[in-house]
Amino acid sequence: MIGCVKNSGRLAAFAVASLLATLPACSQSDGRSGGGAGARTAADTARTKAPGAVFRGGHPGAAGARDPYFPELGNGGYDVIHYALALDYDPGSGRLKGTAEITAKATADLSAFNLDLLGMEVQSATVDGLKAQVRQDGQELTLLPRDHLRKGAAFRSVVQYAGTPESITHDHGWREGWLRTDNGAVAFGEPTGSMSWFPGNHHPSDKASYDITVTVPKGVQAISNGRLVTQRTGGDRATFHWRQAEPMASHVATVAIGSYDIRTSRTRSGIPVVSAMDTTAGVDEDGAVLGRLPEIVEWAEGRFGPYPFSTTGVIVDRAADVPYALETQTRPTIPAGIFHTTNVVHEMAHQWFGNSVTPRTWRDMWLNEGFATYAEWLWTEDHGGASAQDHFDRNHAKAADDDEWHFPPADPPSASDISGQPVYVRGAMVIHKIRQAVGDEDFRALVRGWTQSHRHGHASTKDFTSYVEARAGRDLDAIWDAWLYGDGKPSS
């Protein structure tokens with residue numbers, strides 16, 4: 001469980017680093033290059049398509065984004081602009097057929113590039129309409145286009161694939177990826193699971209817009225991110241087309257397939273709220289929790305700034321073997337057994353912290369989880385319960401050998417620790433120390449400024465500490481040294 005809410009005081013930690021470390025890379029380069037979204041120009045088309053002007057000066061892109069915990073995750077040499085995913089799923093057999101149309105911009109001259117795809121068989125692939133050579137090796141899908149790709153050029157790759165998607169299981173038996181349920185499936189993607197159901201550049205540093213179209217048997221529903229564009233039925237099949245227009249990291253993309261009661265409302269600011277409640281779950285039948293969702297979003301806007309997306313809601317599914325929630329973009333996915341207000345507050349806070357302001361690497365997870373945990377503290381403080389100071393004091397009173405102090409939140413020792421207790425709770429304590437240092441009024445302005453200045457972008461821990469010090473007008477090394485990077489329990 002990464003980027004998720006705790007269930008019984010103990011946070012799950014994925015142990016997929018060993019899996020990823022054993023998967024060989026298919027190509028090498030000097031690493032991932034930067035680059036923004038772009039569009040193919042007439043000059044690009046003429047240069048790559050004209051007879052006698054075929055470009056052959058490229059090199060293979062990197063088979064990894066060199067993340068400090070998941071070095072094989074993601075890829076180099078390009079930035080994705082848009083994913084158009086067309087999925088056809090049979091809940092009975094568990095078989096998935098997919099077509100992924102990926103529009104991207106080359107950030108280097110490329111002779112080949114990689115996508116992350118685990119456990120699915122590629123049937124064909126094209127780049128700019130021409131058949132591409134395909135090589136699959138573990139999680140690495142390498143495409144060799146007929147013509148090399150020039151740096152700065154936009155290109156479109158189409159991959160057709162099929163199979164029975166695999167889930168990824170960590171040490172404690174909890175799973176991520178494409179998870180079959182009694183009446184369908186739910187996709188949990190953080191940190192590595194999205195590569196089990198579509199090919200992509202699966203690292204948080206590469207966000208894109210999405211169109212996700214899912215075809216299922218008639219009578220079954222398919223829910224995803226963003227807004228529902230169309231819903232149609234033909235014969236014994238039903239198709240649902242969802243669009244996420246704002247940038248989204250692949251690990252917070254989702255599809256939920258099953259039988260749902262769709263409930264709609266709006267916030268006072270006019271944001272559509274579309275939620276899907278598993279009809280077999282028998283939870284929140286009086287709407288006591290779901291009914292507070294508009295209020296929670298409005299409260300969070302007051303604390304964190306304007307809501308960063310055009311729609312919101314939740315997906316509540318039985319998913320009995322998944323004891324954690326996930327901040328899937330615009331529509332967090334929460335298992336029925338832990339659907340309560342605290343978890344809704346936590347996952348909604350992630351829409352600002354983690355989804356809109358996305359970590360540059362998985363080492364920056366505390367920026368997601370520290371803020372989302374602190375949101376829980378602020379919620380109780382603002383609604384007649386324990387103050388944030390009460391939460392801080394209760395946690396600081398824990399013994400020096402408690403899990404909370406096992407490592408610094410900004411420097412987890414391994415991939416299996418990036419959702420450990422210090423990332424969540426001690427991360428929230430860092431936020432509270434900042435609040436104490438600058439005062440309540442400046443703290444509120446600081447947080448709102450942070451979400452606005454990095455809206456729909458990325459941020460690292462260094463970005464954050466530099467921003468805070470600039471707003472505070474002084475260095476805060478005492479906080480960083482003791483609470484963010486220090487070993488053991490800080491004295492105060």
[Y] backbone acceptor or donor facing [X] side chain under 3.5 Å:
| X | Y | value |
| --- | --- | --- |
| K151 | K105 | no |
| H454 | G457 | no |
| D116 | H202 | yes |
| Q329 | P247 | yes |

Distance only, no hydrogens: is a donor on one side chain within 3.5 Å (strictly under) of an acceptor on the other, for N114 and E140? yes
Quick one: do the H82 and D211 side chains pair a donor with an acceptor below 3.5 Å? yes
What are the two closest heavy atoms between [X] and [Y], and how far apart are they?
| X | Y | result |
| --- | --- | --- |
| D411 | Y69 | C-OH, 4.0 Å |
| W405 | N395 | CZ2-O, 3.5 Å |
| F407 | P412 | CD1-CA, 3.6 Å |

With Y260 via side-chain hydrogen bond (donor to acceptor under 3.5 Å, both in side chains) - residues at least two apart: D317
Which residues pass the side-chain hydrogen bond (donor to acceptor under 3.5 Å, both in side chains) test with W379, not counting sequence neighbours? none
Do H432 and W483 have their ring centres less than 6.0 Å from each other? no
Suppose we call two aromatic rings close when their centres sit under 6.0 Å apart. Are F155 and F113 close by that rule? yes
Working to the nearest 0.5 Å, report the span between CE of M248 and OG1 of T330. 7.5 Å
